[in-house]
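I have placed the structure first, in the form of structure tokens, so that the comments after it can refer back to it.
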Amino acid sequence: MDGLLEVDVLIYPDGVRLARPEDIREWELETATKLALPSARLFVALYPYNPAAMSPNRETAAEELPFVPGQIIKVFGDKDSDGFYHGESGGLRGDVPSNMVAEVPVEDEDMKAVLMQQGFLLVDHTGASFTPEDLSETSSVPDDVVVQRMVAIFEYNPWESSPNMDSEAELGFRSGDIIYVFGDMDQDGFYYGDLHGRRGLVPSNFLQPLPWN
């Protein structure tokens with residue numbers, strides 16, 4: 001209809017305003033970026049893999065990603081006809097043999113970021129990765145919370161050794177267990193940690209910091 005002016009507007013909870021050219025460009029760029037990025041999944045390495053010595057494709061071994069058991073790998077897309085994924089880990093990208101890794105079923109994006117920051121998961125001899133099974137049902141770890149990887153140097157049974165009345169809020173563990181600790185120690189000397197999907201308080205004097213690599 002003649003005399004009508006077509007304009008773009010931005011709708012906010014507190015009102016509406018005209019969209020500026022820079023607003024349109026920013027929206028178009030953000031939309032294009034989201035459409036271009038493939039959805040990433042997290043996998044954990046079950047076995048050590050040295051492409052130079054183990055690759056079935058010697059000609060393309062340089063394009064494959066080396067890894068060690070427990071290493072977390074971000075995978076993009078589906079595996080190819082040769083059974084390889086394309087993945088990223090430790091700042092490197094390359095092809096990943098699908099029979100050497102297992103997917104970590106994490107939907108929560110915050111937890112994905114935490115796991116990628118950790119870089120490793122504890123993996124037992126059967127190839128089972130120890131990560132919380134109910135990650136999507138538990139509260140996410142905020143970005144500003146530091147995650148530490150610690151090893152238990154003594155066995156701890158809260159029902160026998162706890163100095164607290166509410167021992168049911170604590171985790172029991174064995175010497176050698178790997179515990180992921182969130183944040184700082186509280187005033188009573190306890191951390192809040194995760195052990196094989198169970199979460200609770202853990203006494204700091206029973207733990208020793210463990211490097212990620």
Side-chain angles (χ1 to χ4, degrees), residues 26 29-125 127-133 135-136 138 140-151 178-184 191 193-197 207-213:
E26 182 178 347
L29 179 61
E30 182 179 349
T31 301
T33 301
K34 288 181 178 179
L35 292 174
L37 288 176
S39 177
R41 295 179 289 163
L42 294 189
F43 283 68
V44 61
L46 303 179
Y47 313 100
Y49 185 66
N50 179 356
M54 303 170 63
S55 175
N57 309 310
R58 296 303 176 89
E59 297 80 5
T60 59
E63 301 174 8
E64 297 174 18
L65 192 67
F67 46 78
V68 296
Q71 187 170 337
I72 294 177
I73 302 169
K74 184 188 293 185
V75 164
F76 304 95
D78 298 321
K79 59 185 174 183
D80 61 21
S81 58
D82 294 323
F84 279 75
Y85 292 111
H86 186 70
E88 175 185 335
S89 184
L92 301 175
R93 283 200 176 206
D95 295 328
V96 179
S98 60
N99 61 331
M100 307 285 282
V101 298
E103 186 167 4
V104 181
V106 182
E107 296 296 333
D108 187 280
E109 293 299 326
D110 291 333
M111 185 56 72
K112 279 186 180 181
V114 170
L115 293 176
M116 282 302 299
Q117 181 183 12
Q118 290 177 183
F120 283 85
L121 290 176
L122 180 64
V123 177
D124 70 8
H125 68 280
S129 59
F130 294 132
T131 184
E133 295 179 356
L135 287 173
S136 60
T138 60
S140 300
V141 180
D143 293 340
D144 58 348
V145 172
V146 177
V147 179
Q148 300 181 69
R149 185 170 178 254
M150 296 193 171
V151 60
I178 305 298
I179 300 174
Y180 294 93
V181 167
F182 307 110
D184 298 324
Y191 287 109
D194 183 293
L195 173 64
H196 302 178
L207 307 177
Q208 182 73 34
L210 194 63
W212 291 111
N213 47 37

Arg149 and Tyr180: CA distance, side-chain angles, deciding distance, side chain to side chain contact (heavy atoms under 4.5 Å, CB included) verdict: CA-CA 5 Å; Arg149 185 170 178 254; Tyr180 294 93; 3.9 Å; yes
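- Summarising the geometry of Pro51 relative to Ala61, their closest heavy-atom pair is CB-O, 3.5 Å, with the distance given to 0.1 Å.
- Under the 3.5 Å distance criterion, the side-chain polar atoms of Gln71 are matched with a main-chain donor or acceptor of Val68.
- Here the side chain of Asp82 pairs no donor or acceptor atom with the backbone of Phe84 at under 3.5 angstrom.
- Remark: the backbone N or O of Gly77 is paired with a side-chain donor or acceptor of Arg41 at under 3.5 angstrom.
- Interatomic distance, CG of Asp95 versus CD of Glu63, reported as 6.5 Å (0.5 Å rounding).
- The CG atom of Leu42 sits 7.5 Å away from atom NZ of Lys74, with the distance rounded to the nearest 0.5 Å.
- Within 6.0 Å of CG on Asn50 lie more than 12 heavy atoms contributed by other residues, nucleotides or ligands.
- Taking CD of Glu64 as the reference point, atom CG of Asn57 lies at 6.0 Å (rounded to 0.5 Å).
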Criterion side chain to side chain contact (heavy atoms under 4.5 Å, CB included) on Phe67 and Val96, from CA distance to verdict: CA-CA 9 Å; Phe67 46 78; Val96 179; 3.8 Å; yes
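- Between Tyr49 and Leu65, the shortest heavy-atom distance links the atoms CD2-O, 3.6 Å.
- Tyr85 approaches Asp78 most closely through the heavy-atom pair CD2-C, 3.9 Å.
- For the atom pair CD1 of Ile178 and CG of Asp194, the computed distance is 12.5 Å after rounding to the nearest 0.5 Å.
- Rounded to the nearest 0.5 angstrom, Ile179 CD1 and His196 NE2 are separated by 8.5 Å.
- In this structure, Met54 CE and Tyr47 OH are separated by 10.5 Å, a value rounded to the nearest 0.5 Å.
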